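Small disclaimer: the values here were computed from a predicted structure and weren't measured. The chains referred to below are lettered A, B, ... by the order of the sequence lines, with proteins before strands, and numbering in each begins at 1. Just so it is clear, the values below take in all heavy atoms, side chains as well, and ignore hydrogens, waters and symmetry mates.
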Amino acid sequence: MYTKRIIPCLDVKDGRVVKGVNFVNLKDAGDPAEQASVYDKAGADELVFLDITASSDNRDTQLEWVREVAANVFIPFTVGGGIKTVSDFKAILREGADKIAINSAAIMNPKLINEGAEKFGSQCVVVAIDAKKRPDAEGWTIYKNGGRVDMNIDAVEWARRAEKLGAGEILLTSMDCDGTKSGYDLELTKAIASSVSIPVIASGGAGSLKDFYDVFDEGCADAALAASLFHYKELEIREVKEYLKDKGISVRL
Amino acid sequence: MIALIDYDAGNIKSVEKALDFLGAENVLTRDPSVILNADGVILPGVGSFGDAMERLKGYGLCDVIKKVCEKGTPFLGICLGLQLLFDSSEESVGVEGLGILKGKVKKIPDAEGLKVPHMGWNDLSYPSKGRLFLGIPENSYVYFVHSYYLEAQDESIVKATTDYGTLIHASVEQRNVFACQFHPEKSSEVGLKILQNFLNVVKEGK
């Protein structure tokens with residue numbers, strides 16, 4: 001049986017894993033490769049690393065930890081953050097990453113999706129979307145620069161366009177739900193997942209076992225991402241998977 | 001020494017790192033004499049069938065691959081590296097594959113609720129015992145990324161299958177020639193065990 005995926009997300013700054021409970025107080029939780037290896041053993045299906053250093057002169061540090069992760073962890077992993085050009089793609093993929101996530105760069109230069117897909121295959125190109133409900137509550141718009149700038153582009157429309165340009169996957173973060181631990185944005189996830197035929201990774205809001213079930217069942221997501229929940233061991237991946245299996249969702253156990 | 005055939009395939013680094021992790025001496029190469037003299041040969045691959053065949057031809061590797069398979073060197077094709085061993089693919093109509101094994105590569109048909117590419121973890125069934133799967137229980141999960149799938153002509157060479165709306169021949173073994181549609185180098189402990197099993201075949205082949 002083809003399975004739904006559970007994906008821990010690790011934020012990396014200057015080559016070290018951090019996860020901001022709030023973004024002012026960054027806690028240093030260590031080495032990316034070690035963390036990744038722990039998650040692999042814990043049953044993670046994939047990993048997403050977001051480099052929040054967001055400075056391109058940090059590229060060498062980035063390549064170094066990507067290389068270390070790839071040498072120690074044998075599950076697929078995605079790297080995102082500050083990737084702007086096809087040559088950035090190439091450098092990171094060459095170190096052993098499997099997929100590249102692009103967000104603001106894709107919004108500013110949609111051709112990047114196309115170029116990345118043509119050069120390395122669609123399976124390498126993850127378009128990350130930060131979406132927030134419109135103030136008038138009619139649909140969602142996408143934001144760039146880490147959720148700071150409203151692009152006033154409809155999220156569903158953007159996801160469709162990304163697919164058409166060659167994206168292999170959508171990593172969808174609900175800005176309304178992110179950090180709340182009150183559940184994924186089911187409405188948003190379903191709206192996107194039913195509009196594209198590429199897999200959608202839901203992100204933002206996971207707080208309980210039931211949230212994972214809901215995002216697969218009602219939200220129609222293909223994968224669910226969570227960060228602090230796993231990072232601070234509020235839930236174990238295996239526990240989430242066993243719960244999902246009991247409820248009839250196919251998972252790798 | 002394992003020769004990893006270097007023809008600019010996407011996943012080559014991951015395979016190399018998995019071999020390093022397992023302590024297997026390996027070399028990334030497109031030098032015919034190195035490939036012909038290796039104890040084992042791996043053909044990785046991500047990309048399109050037509051492009052890959054063109055590059056193999058361009059580097060003069062088609063005959064080299066046929067020769068190592070004929071002379072009994074343990075050989076492992078991974079993902080596109082599996083597909084290239086067969087006659088043809090619907091992905092690149094009119095392009096001839098290596099034709100070392102008999103069968104066709106077809107487009108995964110659309111099925112309700114299943115997306116193409118088939119990307120993610122799926123479990124294996126064993127139609128017959130294969131050396132790559134020694135010690136790995138049936139229904140173990142491995143990682144797939146592909147839009148085209150193998151239908152081998154001779155089903156007796158099929159050692160693992162998976163179900164994705166349609167039955168996919170996920171691994172084959174014919175004498176010294178092995179291949180996996182999935183990515184053992186990305187399939188966690190199960191995948192490493194599969195690679196180790198291949199390395200064991202290489203060791204015995206010595």
Side-chain angles (χ1 to χ4, degrees), chain A residues 1-7 33 36-37 39-47 66-77 89-99 118-124 126 163 168-170 193-194 196-201 220 222-223 241 250-253, chain B residues 8-22 28 45-48 51-52 79-80 108 110-111 113-125 139-147 162-166 168 182-196:
Chain A
M1 274 282 266
Y2 183 65
T3 64
K4 300 288 188 183
R5 289 169 284 155
I6 300 293
I7 306 178
S37 183
Y39 276 129
D40 177 7
K41 289 191 181 74
D45 294 312
E46 277 185 55
L47 296 168
V66 170
R67 192 178 306 139
E68 274 302 300
V69 170
N72 291 287
V73 183
F74 300 96
I75 55 174
F77 71 97
F89 267 71
K90 190 175 180 181
I92 296 166
L93 292 172
R94 202 172 43 199
E95 296 303 341
D98 299 277
K99 308 177 188 181
E118 260 177 23
K119 196 126 204 237
F120 309 105
S122 283
Q123 83 286 340
C124 286
V126 180
E163 178 184 23
E169 216 162 20
I170 302 284
S194 60
V196 295
S197 59
I198 51 178
V200 172
I201 305 166
C220 304
D222 298 277
K241 287 187 160 183
S250 168
V251 289
R252 176 180 72 110
L253 263 174
Chain B
D8 312 318
N11 63 335
I12 205 149
K13 271 284 158 188
S14 313
V15 178
E16 187 184 19
K17 289 190 172 184
L19 293 176
D20 288 345
F21 187 82
L22 294 170
L28 196 58
V46 170
S48 87
D51 283 353
C79 194
L80 184 60
I108 297 175
D110 285 326
L114 295 176
K115 295 171 176 180
V116 178
H118 173 213
M119 177 160 71
W121 297 83
N122 211 333
D123 66 335
L124 298 175
S125 299
N139 301 318
S140 290
Y141 283 93
V142 290
Y143 188 79
F144 289 86
V145 185
H146 63 128
S147 300
T162 195
D163 180 14
Y164 193 66
T166 185
I168 288 168
F182 55 86
H183 289 272
E185 78 282 9
K186 286 290 166 183
S187 297
S188 197
E189 269 175 55
V190 169
L192 291 175
K193 183 88 187 15
I194 291 167
L195 287 174
Q196 185 59 57

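Of the listed residues (A/Ala71, A/Cys220, A/Gly121), the greatest number of heavy-atom pairs within a distance under 4.5 Å of chain B belongs to A/Ala71. Chosen from A/Cys124, A/Ala223, A/Ser197, the residue pairing most often with chain B at heavy-atom distances under 4.5 Å is A/Ser197. Across B/Leu192, B/Val145, B/Asp163, the residue that shares the most heavy-atom pairs under 4.5 angstrom with chain A is B/Leu192.
In terms of the ring pair (Phe, Tyr, Trp, His ring centres under 6.0 Å) criterion, residue partners of B/His146 (sequence neighbours excluded) are, by chain and number, B/His118, B/Phe144. A/Arg67 is linked by a salt bridge (Lys or Arg N to Asp or Glu O under 4.0 Å) to A/Glu95, counting only residues two or more places apart in sequence or in another chain.
The contact between B/Ser187 and chain A is made entirely by backbone atoms, counting heavy-atom distances below 4.5 Å. For B/Asp123, the parts lying near chain A are the backbone and the side chain together; criterion is any non-hydrogen pair under 4.5 Å. For chain B, the nearby parts of A/Thr3 are the backbone and the side chain; heavy atoms of each come within less than 4.5 Å. For a residue to count as touching a neighbouring chain, one of its non-hydrogen atoms must lie under 4.5 Å from one of that chain's; by this rule A/Lys119 does not touch chain B.
Considering CD1 of A/Ile75 and OG of B/Ser14, their distance stands at 12.5 Å, rounded to 0.5 Å. Distance CG/B/Asp20 to CG/A/Asn72: 11.0 Å, rounded to 0.5 Å. Rounding to the nearest 0.5 Å gives a distance of 7.0 Å between CE of B/Met119 and CD of A/Glu46.
Residue B/Asn139 places its CG atom among more than 12 non-hydrogen atoms of other residues, nucleotides or ligands, all under 6.0 Å distant.
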Checking side chain to side chain contact (heavy atoms under 4.5 Å, CB included) for the pair B/Glu189/A/Phe74: CA distance, chi angles, key distance, verdict? CA-CA 8 Å; B/Glu189 269 175 55; A/Phe74 300 96; over 6 Å; no
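B/Lys115 places a side-chain N or O within 3.5 Å of a backbone atom of A/Ile198 that can act as its donor or acceptor partner.
The shortest heavy-atom contact between B/Leu114 and A/Tyr2 is CD2-CD2, 4.4 Å.
No side-chain heavy atom of A/Ser250 sits under 4.5 Å from any side-chain heavy atom of B/Trp121. Under the 4.5 Å side-chain criterion, counting only non-hydrogen atoms from C-beta, B/Ser188 is in contact with A/Arg252.
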